[in-house]
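Note sheet for the following structure.
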Amino acid sequence: MSYEQARARWQASNPPRHYLSITDLTRESAETVLALAHAMKRATQGGHELFRFARPTAVALIFEKPSLRTRVTLEVGLYQMGAYGVYLTQSDIQMGAREAVMDIARNLGRWVQGIIARVFLHTALEELARFSDVPVINALSDREHPCQALADLMTIQERFGTAPRTLAWVGDGNNVCHSFTLLAAMLGHTVRIATPEGYAPRPEILQQAQAFAAESGGAVVVIDDPREAIADADGVYTDVWVSMGFETEREARMRKFLPYQVNESLLSLAKPDAIVLHCLPARRGEEITDAVLDGAQSAVWDQAENRLHTQKALLALMLG
Ligand code: CP
Ligand code: NVA
């Protein structure tokens with residue numbers, strides 16, 4: 001697929017102006033980003049780029065929380081496509097304290113062609129989008145991590161193609177779970193979610209994911225027992241038990257999440273060729289063991305690499 005072909009498909013797909021949630025994408029938009037990401041990955045690995053920005057392009061990268069993967073893949077991806085990323089931490093701009101969110105949005109729109117933000121509160125992203133003249137992209141909030149989900153589904157496609165699969169989520173039903181479940185359901189997969197009591201995905205997210213599944217022929221089910229969720233699954237996904245911002249809950253969470261650890265014994269219940277996914281960073285020995293993370297079924301390093309290719313595809317389509 002060439003960039004021009006992807007661009008034509010994207011424009012016909014009712015594409016979003018902002019990307020704050022998987023729900024901003026139509027199925028056709030999501031499939032177009034993924035198809036372009038595969039093509040861009042092949043090109044980059046072959047030593048050339050499928051797309052470069054024709055005009056000077058700068059993007060603000062606002063990070064209220066730490067990041068390795070998201071920051072590096074955005075900065076490197078922009079660089080590879082001839083654009084520039086301006087990294088701004090909370091101590092630089094103090095969003096909402098030194099300056100109102102709406103004023104930051106209005107200022108940035110005069111200088112840059114896009115705003116990508118990692119925030120504590122999803123409502124801050126919504127406010128940025130409301131007052132921004134340029135596209136706003138979610139780089140993780142308390143509600144979603146939609147850039148991560150694109151890389152997750154790309155990795156599943158690389159291993160299994162596009163046919164529907166059964167995917168188990170085991171652990172915290174938080175931001176990463178939300179975006180993964182929404183996108184997997186939109187693309188026709190069955191998602192089985194096992195979380196401790198009190199840590200299930202938000203009801204409105206589940207409802208939306210079930211609506212996507214009804215349309216795509218997939219399914220979304222919540223199950224108490226992680227063994228039941230994993231039984232014969234093609235993919236097993238977990239995330240940290242203590243997300244950024246929840247550090248004070250650490251002790252209580254450790255106790256409740258222990259039965260949800262993805263270890264060799266739990267993984268043995270999945271299909272023999274099942275893959276293991278983790279958005280990373282991982283807390284080795286907590287939600288996932290060394291043996292699983294480093295084992296033959298782990299797809300996590302490909303998944304991390306695919307953050308680069310999926311975000312490049314998204315940026316080329318949204319800002320190109
Ligand atoms: N998976 C992910 O978003 O990683 P970082 O927090 O390091 O960006
Ligand atoms: N759920 C984790 C994901 C980190 C990429 C967090 O919010 O900290």
Side-chain angles (χ1 to χ4, degrees), residues 19-22 37 59-78 85 87-90 116-125 137-156 169-184 193-196 198-202 205 235-250 253-254 256-257 260-262 275-284 286-288 293 298-312 314-315:
Y19 182 49
L20 308 189
S21 163
I22 296 299
V59 178
L61 306 173
I62 298 174
F63 281 82
E64 290 187 336
K65 303 180 189 181
S67 167
L68 174 70
R69 279 145 292 274
T70 309
R71 177 184 176 185
V72 173
T73 53
L74 284 168
E75 289 201 23
V76 171
L78 288 165
Y87 177 63
L88 300 165
T89 67
Q90 183 60 357
I116 307 182
R118 167 168 289 194
V119 297
F120 281 95
L121 296 177
H122 193 81
T123 48
L125 287 172
I137 294 173
N138 180 357
L140 181 143
S141 68
D142 58 330
R143 195 164 92 192
E144 277 201 56
H145 196 1
C147 289
Q148 177 69 52
L150 290 170
D152 305 339
L153 272 296
M154 178 180 182
T155 309
I156 289 167
W169 177 277
V170 180
D172 194 7
N174 192 20
N175 44 12
V176 174
C177 173
H178 287 167
S179 292
F180 174 72
T181 303
L182 287 166
L183 187 58
I193 304 168
T195 64
Y199 298 93
R202 294 189 197 176
I205 300 273
V236 179
Y237 198 155
T238 190
D239 181 13
V240 288
W241 293 341
V242 185
S243 282
M244 292 180 278
F246 292 86
E247 290 78 5
T248 56
E249 298 177 14
R250 182 169 181 82
R253 282 173 173 258
M254 285 301 122
K256 288 189 187 144
F257 278 87
Y260 294 79
Q261 183 187 64
V262 178
I275 60 168
V276 174
L277 299 167
H278 192 310
C279 55
L280 306 177
R283 295 282 296 216
R284 288 170 176 266
E286 291 184 11
E287 77 279 359
I288 192 164
L293 192 66
S298 173
V300 304
W301 317 116
D302 288 341
Q303 189 185 0
E305 176 182 342
N306 290 338
R307 295 294 305 278
L308 175 69
H309 309 296
T310 44
Q311 281 160 191
K312 282 171 69 181
L314 181 74
L315 291 167

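Order of appearance sets the numbers: ligands from 1, and atoms from 1 within every ligand. Sequence positions, counted from 1, serve as the residue numbers for this chain.
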Taking the cut-offs as 6.0 angstrom to the six-membered ring centre and 45 degrees off its axis, would you call Arg71 and Tyr87 a cation-pi pair? yes

Is the charged tip of Lys256 near the ring of Tyr199: under 6.0 Å from the six-membered ring centre and within 45° of its axis? no

Regarding Glu144 and Ser21, is there a side-chain donor-to-acceptor distance under 3.5 Å anywhere? yes

Do you see a donor-acceptor pair shorter than 3.5 Å between the side chains of Asn306 and Thr155? yes

Leu280 heavy atoms within 4.0 Å reach ligand 2 at atoms 5 (C)

CZ (Arg283) with more than 12 external heavy atoms under 6.0 Å: no

Output yes when Asp142 and Arg202 qualify as a salt bridge under the 4.0 Å nitrogen-oxygen rule, no when they do not. yes

Test: Arg250 and Glu286 ion pair at under 4.0 Å: yes

Among all protein heavy atoms in this structure, tell me which lies nearest to [atom], with the distance rounded to 0.1 Å.
atom	answer
atom 8 (O) of ligand 2	Met244 N, 2.8 Å
atom 7 (O) of ligand 2	Asn175 ND2, 2.9 Å
atom 4 (C) of ligand 2	Leu140 CD1, 3.8 Å

Using side chain to side chain donor-acceptor pair (under 3.5 Å) as the criterion, list what pairs up with Arg69, not counting sequence neighbours. none

Are any of the N/O atoms on Ser243, whether in the backbone or the side chain, positioned under 3.5 angstrom from an N/O atom of ligand 2? yes

Decide whether an N or O pair under 3.5 Å exists between His145 and ligand 2. no

Determine yes or no for a side-chain-to-main-chain donor-acceptor pair under 3.5 angstrom, with Arg118 supplying the side chain and Pro66 the backbone. yes

Structural part of Thr70 in contact with ligand 2, heavy atom criterion under 4.0 angstrom: neither

Residue by residue, ordered by chain and number, which ones reach under 4.0 Å of ligand 1 with a heavy atom? Ser67, Leu68, Arg69, Thr70, Arg118, His145, Gln148, Cys279, Leu280, Arg307

Can you name the one residue among Thr70, Thr73, Asp152 that meets side-chain hydrogen bond (donor to acceptor under 3.5 Å, both in side chains) with Arg307? Thr70

Options Val176, Asp172, Asp239, Asp142, ranked by nearest heavy atom to atom 1 (N) of ligand 2, top entry: Asp239

